[in-house]
**Q** 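Have a look at this one.
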Protein chains: 2
Amino acid sequence: MLNQFGAGGFTDAFDRPGAAEAVVAQSGQLEALVALERIGSRRSFTRDEEIYAEGDPSDCWYQVISGTVRICKLWADGRRHIAEFCFGGDCFGLDNARERIYSAEAVGDAVVMRYPRRATERLIDENPRLVRHVCDMTLRDLAHAQTRMLLLGRMNAAERVVSFLLEMFERRDAVRALDLPMSRSDIADYLGLTIETVCRVLSALKRDGMIAIPNAHRIELRDRTALEAIGET
Amino acid sequence: MLNQFGAGGFTDAFDRPGAAEAVVAQSGQLEALVALERIGSRRSFTRDEEIYAEGDPSDCWYQVISGTVRICKLWADGRRHIAEFCFGGDCFGLDNARERIYSAEAVGDAVVMRYPRRATERLIDENPRLVRHVCDMTLRDLAHAQTRMLLLGRMNAAERVVSFLLEMFERRDAVRALDLPMSRSDIADYLGLTIETVCRVLSALKRDGMIAIPNAHRIELRDRTALEAIGET
DNA sequence: CGCCAGTTTGACCAAGATCAACGCAAGTGG
DNA sequence: CCACTTGCGTTGATCTTGGTCAAACTGGCG
C-alpha cells in the first residue's frame with residue numbers, strides 16, 4: 001500500500017492506519033487520537049532488521065505496537081552501545097535533530113507505527129493539549145536517561161545486572177517469571193559490560209538462589225528482597 | 001525583598017526581577033519574556049551551597065545567570081554521581097516529577113534565577129510558542145544525556161577525560177586556554193572515575209604535549225587534533 | 001546426526017580503584 | 001613575618017574487578 005513517506009527502501013511496506021491509543025488516550029482527546037492515527041503508518045520488521053540507521057534524516061517518530069526495538073550506536077572500532085529497549089506502547093525516535101545519531105533495530109519480530117514529524121507538528125499546533133503530552137513523554141525519557149547515567153557511571157557489574165532485571169520485571173509487568181526478548185550481547189551492550197560478565201553475574205545470582213534460569217531467556221525471581229538490596233540506588 | 005515562594009529557608013533571599021533573555025529570546029516573543037521575567041526571582045549562592053536537595057518538592061525550575069551549578073546525587077555508601085554541570089544561560093531542574101531525584105549545588109559562587117512551575121505552566125498555556133521552546137530545551141537535554149550515556153557506558157579513562165575537556169572548551173567558547181571551575185573530585189564524579197585516575201590521565205596528556213596545565217584549574221590546548229583523535233566518538 | 005549460533009565456564013590479564021605518601025599554595029594565628 | 005594547618009592535587013605501589021581469550025556446552029534445525 002502506498003503512503004506519503006518518500007525516502008528509504010522500506011517505506012512502502014508501512015501500512016495505514018494503525019493504533020496510537022497509548023500516546024493520546026490519557027490526554028482524553030478522541031479527535032486528536034483519530035487525527036494522529038490518520039497520519040501514522042504501520043509496518044512489521046523481522047529480527048535484527050533496521051528501522052532507521054545512523055545518519056538517516058530524522059523526520060518521523062515511532063511507536064512500538066508489539067515486539068521489542070533497540071536504539072543503538074556502533075563505533076568504528078566495533079564497540080556498541082544500546083541506549084534503550086522499547087516495548088509495546090513505547091515511543092522512540094522523537095528528537096529535533098536533523099539526522100539520526102542512533103539507529104533503531106528490531107530485537108525480534110516487531111510491529112511499529114510511524115508518524116511523520118511535520119504532520120505531527122501541524123497536529124500539535126492545532127491541539128495545545130497534545131504538545132504537553134509530547135513534552136511529558138520527553139521528560140519521562142530524560143528521567144530514564146538520568147537513571148541510566150547513574151547505573152553506567154557508578155554501579156558495579158552485579159548492581160547493573162540486578163537493576164536491569166528489576167527494570168525489566170517492572171516494565172514488562174512480570175511478577176515471578178520473565179522472558180527476556182534480547183540476547184546476552186544486547187544486555188551487555190545496554191549495561192556497558194561484556195557478555196561474559198553478564199553470564200557470570202547471572203550464574204552467581206542463580207547459585208545464590210536469588211533467581212532461577214530455566215532456559216537462557218527466562219528468568220524467575222526467587223528472592224526479590226535480596227535482589228533489591230543489591231540493585232536499588 | 002519579599003516574593004511569592006513559601007517553602008525553604010533560603011526562599012526570601014531570592015530577589016526579583018531578573019534576566020531570562022536566553023530562554024525566550026530566540027522564540028522572539030518579547031511579551032513572553034517580560035512575563036517570564038515577572039514570575040522569576042534571583043538569588044546568589046556561595047561555593048558548595050545547596051540550591052535544592054534530593055527529596056525537595058519539584059515545583060520550580062532554574063536558570064544559571066553566572067557561575068557554575070552541579071546536578072548530583074549522593075549514595076548512602078558515599079558514592080557520588082554528577083549528572084550535569086550548568087553554566088551561564090543553562091537551565092536546570094525542569095521535570096515533571098513530584099520531588100527532586102538529584103540535588104543542585106553551586107560549584108563556586110553562582111547567581112541563579114528561579115521560576116515557579118505553576119506560573120510557568122499558566123504562561124505556557126497562554127503562549128503556545130513557548131511550550132515548543134520548552135520542549136526543544138528538554139530534547140536538547142535528552143540528546144546530551146544520551147551522549148553522556150555513551151561516554152559512561154563505553155569509553156575508557158583517557159577517552160572520558162579528553163571528551164570532557166573538549167566538551168568544556170566548546171561549551172565555554174574557549175579556544176586555546178580554559179579555566180575549569182570545578183575540582184578534580186567533581187570531574188571524577190562526572191566521568192565515573194576516581195580523582196587519581198583523572199589526575200593521571202591529565203598528567204599523561206601533559207607529558208605527551210597535548211595540553212599544558214599552568215595551574216591545577218587551567219588547561220591549555222597544545223594539540224587539538226591529537227586530542228580529538230582520542231576523544232571523538 | 002552434525003552443524004551453528006548463542007551461552008556458559010575457566011584461566012589469565014590489564015585498566016582502573018584503593019591505599020598511602022608527598023607537594024603545594026592559601027589561609028591563620030602567634 | 002613566619003611556623004603551622006588545611007584542603008587540593010599529584011604520584012607511586014599494590015590489589016580487584018571486569019575484560020580477553022579460549023574451550024566446552026546446549027538447543028534447534030537441515
Side-chain angles (χ1 to χ4, degrees), chain A residues 46-48 68 70 75 77-82 107-109 151-165 179-208 211-219 230, chain B residues 46-48 68 70 75 77-82 107-109 151-165 179-208 211-219 230:
Chain A
T46 57
R47 178 187 147 91
D48 291 330
T68 303
R70 62 173 173 256
W75 249 268
D77 63 8
R79 279 180 284 185
R80 188 177 71 148
H81 180 240
I82 295 183
V107 169
D109 294 347
L151 178 145
L152 294 169
R154 282 288 176 235
M155 284 188 181
N156 63 29
E159 290 167 337
R160 292 181 196 203
V161 172
V162 170
S163 297
F164 170 75
L165 291 179
D179 279 307
L180 296 171
M182 69 290 283
S183 69
R184 294 289 186 267
S185 163
D186 286 336
I187 298 173
D189 290 340
Y190 183 63
L191 298 178
L193 299 171
T194 59
I195 302 176
E196 293 93 327
T197 301
V198 172
C199 277
R200 274 187 263 268
V201 171
L202 287 174
S203 298
L205 295 174
K206 183 168 76 173
R207 175 172 44 70
D208 298 345
I211 61 172
I213 312 178
N215 70 65
H217 285 266
R218 169 162 275 252
I219 306 286
I230 298 173
Chain B
T46 58
R47 177 188 149 93
D48 291 331
T68 304
R70 63 173 171 255
W75 250 267
D77 63 8
R79 279 180 283 185
R80 190 178 70 148
H81 180 240
I82 294 184
V107 169
D109 293 348
L151 179 145
L152 295 170
R154 282 289 176 235
M155 284 189 180
N156 63 30
E159 291 168 336
R160 291 181 197 203
V161 172
V162 170
S163 297
F164 170 75
L165 291 179
D179 279 307
L180 296 172
M182 69 291 283
S183 69
R184 294 288 186 268
S185 164
D186 286 337
I187 298 173
D189 290 339
Y190 183 62
L191 297 178
L193 299 170
T194 58
I195 302 176
E196 293 94 328
T197 302
V198 172
C199 275
R200 275 188 260 268
V201 171
L202 287 174
S203 299
L205 295 173
K206 184 169 75 175
R207 176 172 44 71
D208 298 346
I211 61 171
I213 311 178
N215 70 64
H217 284 266
R218 168 162 276 252
I219 305 286
I230 298 173

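Letters A, B, ... are given to chains in the order of the sequence lines, protein chains preceding strands, and every chain is numbered from 1.
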**Q** Applying a 4.0 Å non-hydrogen cut-off, can you work out what B:Asn215 is touching in the nucleic acid: base, sugar-phosphate, or nothing?
**A** nothing
**Q** Check the distance between D:dG18's C1' and A:Ile187's CD1 and give it to me in whole angstrom.
**A**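 Value for this atom pair: 17 Å.
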**Q** Quick one: is C:dG6 close enough that its OP1 or OP2 comes under 4.0 Å of any side-chain N or O from A:His217?
**A** no
**Q** Can you tell me if CZ on A:Arg47 sees more than 12 non-hydrogen neighbours from other groups inside 6.0 Å?
**A** no
**Q** Just how far, in rounded Å, is C1' of C:dG16 from CZ of B:Arg160?
**A** 10 Å
**Q** Out of curiosity, A:Arg160 CZ to A:Tyr190 OH, how far, rounded to the nearest 0.5 Å?
**A** 12.5 Å
**Q** State which residues pass salt bridge (charged side-chain N to carboxylate O under 4.0 Å, His left out) with A:Arg154; sequence neighbours excluded, sorted by chain then number.
**A** B:Asp189
**Q** Are the side chain of B:Arg184 and the backbone of B:Glu196 linked by a donor-acceptor contact shorter than 3.5 Å?
**A**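 It does not hold such a pair.
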**Q** Counting the atoms with a prime plus P, OP1 and OP2 as sugar-phosphate, which does A:Arg207 contact under 4.0 Å by heavy atoms, base, sugar-phosphate, or nothing?
**A**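 Nothing, no heavy atom under 4.0 Å.
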**Q** May I have the distance from A:Arg218 (atom CZ) to C:dT7 (atom C1'), rounded to whole angstrom?
**A**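 To the nearest whole Å, that distance equals 18 Å.
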**Q** Atom CZ of A:Arg47 to atom C1' of D:dG28: distance rounded to whole Å?
**A**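 Atom-to-atom, A:Arg47 to D:dG28, this comes out as 12 Å.
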**Q** Residues of residues 194-206 of chain A with any non-hydrogen atom less than 4.0 angstrom from an atom of DNA chain C: list those, numerically ordered, please.
**A**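 Output list: A:Ile195, A:Glu196, A:Cys199, A:Arg200, A:Ser203.
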**Q** Given atom CZ of B:Arg184 and atom C1' of C:dG23, what is their separation to the nearest angstrom?
**A**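 Nearest whole value for this atom pair: 14 Å.
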**Q** For B:Arg79 and C:dA17, is the shortest distance between a side-chain N/O and OP1 or OP2 below 4.0 Å?
**A** no
**Q** Taking CG from B:Leu193 and C1' from C:dT18, how many angstroms apart are they, rounded to a whole number?
**A** 14 Å
**Q** Please check this pair: side chain of A:Ser163 against backbone of A:Glu159, looking for a donor-acceptor N/O pair closer than 3.5 Å.
**A**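 Indeed, once roles are kept as given, a pair shorter than 3.5 Å links the two residues.
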**Q** If you assign A:Arg154 and A:Ile213 each to the DNA chain C nucleotide with the nearest heavy atom, which residue ends up on the more 5' nucleotide?
**A**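 Result of the comparison: A:Ile213.
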**Q** Please enumerate all residues that pass side chain to side chain contact (heavy atoms under 4.5 Å, CB included) together with A:Ser203, with sequence neighbours excluded.
**A**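 Residues passing side chain to side chain contact (heavy atoms under 4.5 Å, CB included) with A:Ser203: none at all.
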**Q** Could you measure the distance from the CG atom of B:Leu193 to the SG atom of B:Cys199? Nearest 0.5 Å is fine.
**A** 11.5 Å
**Q** To the nearest angstrom, how far is A:Asp189 atom CG from C:dT7 atom P?
**A**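 Rounding to the nearest Å, CG of A:Asp189 and P of C:dT7 are 12 Å apart.
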**Q** Taking atom P of D:dG9 as reference, at what distance in whole Å does atom CE of B:Met182 sit?
**A**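 Rounding to the nearest Å, CE of B:Met182 and P of D:dG9 are 12 Å apart.
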